[in-house]
Amino acid sequence: MIGISSINLCHASAMEQSGQSILPFLENGNYAEMNIFAVDSSVSGVVDRSDLVRDNQNRSTGDIAENTQFYTAAVKFQLTDKLSFGLLYDQPFAAKVSYPQRSNNSYFDNDFSHQGTSVKVDSQNISMIFGYSPIDNFQVYGGPVYQEIKGQVALRGNAYTEAYDGYNANFKRKGEAGWLIGGSYQIPDYALKAAITYRSKIKYSFQVDEDIFGETLQLTESKKTKLETPQSINVDFQSGISDRTLAYLNLRWVNWKEFETRPTQFGALSEILLKEATNGEYTSGFKLDSYQKDQYSATIGIGHQISEKWSGSTDVSWDSGTGNPASTLGPIKGSWSLGLGLQFNPTSNYFIAGGVKYYWLGDARTEDGTYYLPIEGIKQIAEQAEFKNNHAIAYGLKIGYRF
């Protein structure tokens, strides 16, 4: 059986992007690959709180999702029969949301900055993996991970009250280290591969510049902002089911429930506002962004060798989302998707593969960050908008080479 390469196209909940696949490291012999992905999303909603909308204005948010591109690459060396080494590069976490200009002023400031609420997060990740096979077909692997992340957040419009309208936070680029560990079992004659990989969380301490319409926000002593990118587990499995067909499965868990971010001055202002709003009964403030549930996702697919040079694949994916209501900075609740892939092998040692995947994005209500606080009556006040019937299309191109 000629191997069939599926393209894992990701557009998932929270800030998930690449899926952090370990599969290139499990290829036989010496191997290298490069991938480029593009995601075209359409995400819009309707504001259902009249106090957030200017009189006699349409309540639509407009399309808030921006098109994105990202890249992954990998190289793996089979040093001896028992030892292997690999380098994997990916961009695991990202966010790119921008509320467009709307006259309703809900998420766009029409009076001063003429800007909309936006968030942009970029990351890059390098995994250095060492593998050892104590017995035939079985391998243990692990190694250090270096990760960089940066981000910008801007809050605009009536949705954030007068206190936060105009708020900006710039998370300066920061790099930190983590680690991964896993094990795999393979029987090449049956195209069987099974692997489980754990990635650690990575802790950051960011310098965050905060201001309101360009004026430095200084309500308390400046401190660095702590943040953790989540730990995760990937389970991968594939097996031949006939001479020309194989089935594959990926399961993924990401510990987004532990993620939160609260810059120092943002937190201080939130404490002041809630202390006043509750007559001193609640003084702990709230977070800029957080998730209420862990993310679970699953992909199951079939690959088929059409001829000596051509093969194809199709798969179905499900993503649980990270809670509903969702943040205004990421208003979707999971997804279902259907993917198609095609691979061309000009020679036995390299291939070109392409794929497309359509996503039905889950409906979600959005909240302003206070929904889950232990304050009586807060839930109805915190809900803001409803996002329904949204979708995304992802495209991928992969080049693989065996040497």
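Each residue takes its place number in the sequence, starting with 1.
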Visitor: What are the two closest non-hydrogen atoms of Pro24 and Glu33, and how far apart are they?
Guide: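 Shortest heavy-atom contact: CG-OE2, 3.5 Å.
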
Visitor: State yes or no: are the ring centers of Tyr401 and Tyr350 separated by less than 6.0 Å?
Guide: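 When the ring centroids of Tyr401 and Tyr350 are compared, they turn out to be at least 6.0 Å apart.
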
Visitor: In terms of ring plane angle, is the pair Tyr358 and His391 parallel, tilted or perpendicular, where the classes change at 30° and 60°?
Guide: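 Parallel, since the angle between the ring planes stays under 30°.
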
Visitor: State, with a plain yes or no, whether a side-chain heavy atom of Val47 is found less than 4.5 Å away from one of Thr61.
Guide: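 Heavy-atom side-chain distance check passes, below 4.5 Å.
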
Visitor: For Tyr371, does the six-membered ring have the charged nitrogen or CZ of Lys379 within the cation-pi criterion, i.e. under 6.0 angstrom from the centroid and within 45° of the normal?
Guide: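 Yes.
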
Visitor: So does Lys388 pair up with Glu386, basic N to acidic O under 4.0 Å?
Guide: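 Result for this pair is yes, salt bridge flagged.
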
Visitor: Measure from the ring center of Phe25 to the ring center of Tyr141 and say whether it is less than 6.0 Å.
Guide: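 Between Tyr141 and Phe25, which both carry aromatic rings, the centre distance is below 6.0 Å.
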
Visitor: Is there a side-chain contact between Val316 and Trp336 (heavy atoms, below 4.5 Å)?
Guide: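 Result yes, sub-4.5 Å side-chain heavy-atom pair found.
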
Visitor: Quick one: are Tyr248 and Ile300 in side-chain contact, heavy atoms under 4.5 Å?
Guide: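 Sidechains of Ile300 and Tyr248: no contact.
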
Visitor: Verify the ring-centre separation between Trp179 and Tyr146: is it less than 6.0 angstrom?
Guide: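 When the ring centroids of Tyr146 and Trp179 are compared, they turn out to be at least 6.0 Å apart.
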
Visitor: How are the rings of Phe77 and Phe85 set to each other: parallel, tilted or perpendicular (split at 30° and 60°)?
Guide: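 Correct class here is parallel.
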
Visitor: Ring-plane angle category for Phe286 and Tyr164, please: parallel below 30°, perpendicular beyond 60°, tilted otherwise.
Guide: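 Geometry flag for Tyr164 against Phe286: perpendicular rings.
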
Visitor: Which atom pair, heavy atoms only, marks the closest approach of Asn104 to Asn158?
Guide: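 Smallest heavy-atom distance, with atoms named: O-ND2, 4.0 Å.
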
